[in-house]
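Hydrogens, waters and symmetry mates play no part in the numbers below; they use all other heavy atoms, side chains included. Counting convention: from 1, in listed order, for ligands and their atoms alike.
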Amino acid sequence: MKIVSTEFENLFIMDYSSYKDNRGEFVKTIHKQTFDEFGLESVFTESFYSVSAKDVIRGMHYQNPPEDHVKLVYVLTGAIIDVVLDIRKESITYGKYFFVELSQNNRNGIYIGKGFAHGFLALEDDTTVEYHTTTSQHKEFEAGIRYDSFGFDWKVSKPIMSDRDLAFQKFTETISLF
Ligand SMILES: Cc1cn([C@H]2C[C@H](O)[C@@H](COP(=O)(O)OP(=O)(O)O[C@H]3O[C@H](C)C(=O)[C@H](O)[C@H]3O)O2)c(=O)[nH]c1=O
């Protein structure tokens, strides 16, 4: 795997290698020694995956301190546009967003440090996204920002979303604790 820096501090693209043979494919997603070289956390307390239909948008989610966490995200099947919003008030990229296509084909992942809101748009049916987080879910610290309130164009007219995600406040109304 190669870890690729971005213009955002503590946000990295994971360029995973895919080993193919006559049986199929093998992809390593976490490797402590490589993560250590870049100062990335490699101990995760929770992992989960979601399966989404085309045009589903999930997000923008984050967990507030003291249960804020690093998130490692990659696609098992299908493809997404993964979107991250910097909500760290002192960051030079505060309020800026980053987006990247993660897919079964490019086998890229994303390492999202603390202080980012995260979401994605599924580009295909049966898109499976796997996450690892460095703290577990604590509902009392869960928070979110409306997907259409920080300037990103999702390029989908009728996204499929949860009522919870649609009820999040706008970015401009959000008081960041980061
Ligand atoms: C995260 C979580 C969820 N759940 C239950 C709660 C709901 O009944 C169901 C779906 O949860 P939610 O609607 O929060 O899932 P997503 O909207 O896919 O959120 C996920 O996708 C976005 C893009 C993220 O970045 C979040 O970190 C990640 O949680 O699973 C649990 O029981 N435990 C958990 O840790």
K.L.:
Run the numbers for me: atoms of ligand 1, each under 4.0 Å from some heavy atom of Glu46, listed by number.
P.N.:
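Near Glu46, meaning under 4.0 Å from one of its heavy atoms, ligand 1 has 35 (O).
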K.L.:
Is there a nitrogen or oxygen of Gln137 sitting under 3.5 Å from a nitrogen or oxygen of ligand 1?
P.N.:
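It does: an N or O of Gln137 is found under 3.5 Å from an N or O of ligand 1.
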K.L.:
Is ligand 1 under 4.0 Å from a heavy atom in the side chain of Met60, in the backbone, in both, or in neither?
P.N.:
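Neither part.
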K.L.:
Counting only heavy atoms, tell me which of Phe120, Phe116, Tyr49, Phe48 gets closest to atom 28 (C) of ligand 1.
P.N.:
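Considering heavy atoms of Phe120, Phe116, Tyr49, Phe48, the nearest to atom 28 (C) of ligand 1 sits in Phe48.
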K.L.:
Would atom 30 (O) of ligand 1 count as contacted, meaning some protein heavy atom under 4.0 Å?
P.N.:
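Within 4.0 Å: no protein heavy atom nearby.
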K.L.:
For the pair Tyr131 and His118, name the ring-plane relationship: parallel under 30°, tilted 30 to 60°, perpendicular over 60°.
P.N.:
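The rings of Tyr131 and His118 stand perpendicular, inter-plane angle above 60°.
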K.L.:
His118 heavy atoms, cut-off 4.0 Å: which ligand 1 atoms fall inside?
P.N.:
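Here the atoms of ligand 1 in question are 23 (C), 24 (C), 25 (O).
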K.L.:
Does the plane of the ring in Tyr62 sit parallel, tilted or perpendicular to the ring in Phe178? Use 30° and 60° as the thresholds.
P.N.:
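Perpendicular: the ring planes of Tyr62 and Phe178 meet at over 60°.
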K.L.:
Between the candidates His69, Lys71, His61, which shows the shortest non-hydrogen contact distance to atom 27 (O) of ligand 1?
P.N.:
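Among His69, Lys71, His61, the closest heavy atom to atom 27 (O) of ligand 1 belongs to Lys71.
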K.L.:
To the nearest 0.1 Å, how far is atom 21 (O) of ligand 1 from its closest protein heavy atom, and which atom is that?
P.N.:
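Result: Tyr131 OH, 2.7 Å.
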K.L.:
Using a 3.5 Å distance criterion without hydrogens, assess whether the side chain of Asp165 forms a donor-acceptor pair with backbone atoms of Ser162.
P.N.:
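No, the answer is negative, given that no donor and acceptor are paired below the 3.5 Å cut-off.
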K.L.:
Considering residues at least two apart in sequence or located in another chain, which fulfil the ring-ring contact (aromatic ring centres under 6.0 Å, His included) criterion with Tyr94?
P.N.:
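So Tyr94 forms a ring-ring contact (aromatic ring centres under 6.0 Å, His included) with Phe171.
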K.L.:
Quiz question for you: does at least one protein heavy atom lie closer than 4.0 Å to atom 33 (N) of ligand 1?
P.N.:
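Flag for atom 33 (N) of ligand 1 set to true, protein heavy atom closer than 4.0 Å.
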K.L.:
Of the protein's non-hydrogen atoms, which lies at the shortest distance from atom 18 (O) of ligand 1, and what is that distance?
P.N.:
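Protein heavy atom at minimum distance: Arg58 NH1, 2.8 Å.
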K.L.:
Under 4.0 Å, heavy atoms only, figure out whether ligand 1 is touched by the backbone of Tyr62, its side chain, both or neither.
P.N.:
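Neither; no heavy atom under 4.0 Å.
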K.L.:
Checking Asn108 side chain against Glu101 main chain: does a donor-acceptor pair fall under 3.5 Å?
P.N.:
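Not a single qualifying donor-acceptor pair exists.
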K.L.:
To the nearest 0.1 Å, how far is atom 6 (C) of ligand 1 from its closest protein heavy atom, and which atom is that?
P.N.:
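Looking at atom 6 (C) of ligand 1, the protein heavy atom closest to it is Lys139 NZ, 4.4 Å.
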K.L.:
Heavy atoms only: give me the nearest Val75-Leu102 pair and the separation to one decimal.
P.N.:
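Heavy atoms of Val75 and Leu102 come nearest at CG2-O, 3.4 Å.
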K.L.:
How are the rings of Phe44 and Phe35 set to each other: parallel, tilted or perpendicular (split at 30° and 60°)?
P.N.:
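Rings of Phe44 and Phe35: perpendicular, as their planes differ by over 60°.
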K.L.:
I'd like to know whether the aromatic ring centres of His61 and Phe168 sit less than 6.0 Å apart in this structure.
P.N.:
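Yes, they do, as the ring centres are separated by less than 6.0 Å.
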K.L.:
Any protein heavy atom at under 4.0 Å, with atom 3 (C) of ligand 1 as the reference point?
P.N.:
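At least one protein heavy atom is under 4.0 Å away.
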K.L.:
Do Val84 and Ile110 have side-chain heavy atoms sitting under 4.5 Å apart?
P.N.:
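Side chain of Val84 against side chain of Ile110, heavy atoms only: contact under 4.5 Å found.
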K.L.:
Looking only at N/O atoms, are Arg164 and ligand 1 under 3.5 Å apart anywhere?
P.N.:
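Yes, Arg164 has an N/O under 3.5 Å of an N/O on ligand 1.
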K.L.:
Given Val83, which partner from the list Phe120, Phe98, Trp154 fulfils the side chain to side chain contact (heavy atoms under 4.5 Å, CB included) test?
P.N.:
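Of Phe120, Phe98, Trp154, side chain to side chain contact (heavy atoms under 4.5 Å, CB included) with Val83 is met by Trp154 alone.
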K.L.:
Does atom 8 (O) of ligand 1 have any protein heavy atom closer than 4.0 Å?
P.N.:
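So atom 8 (O) of ligand 1 lacks protein heavy-atom neighbours under 4.0 Å.
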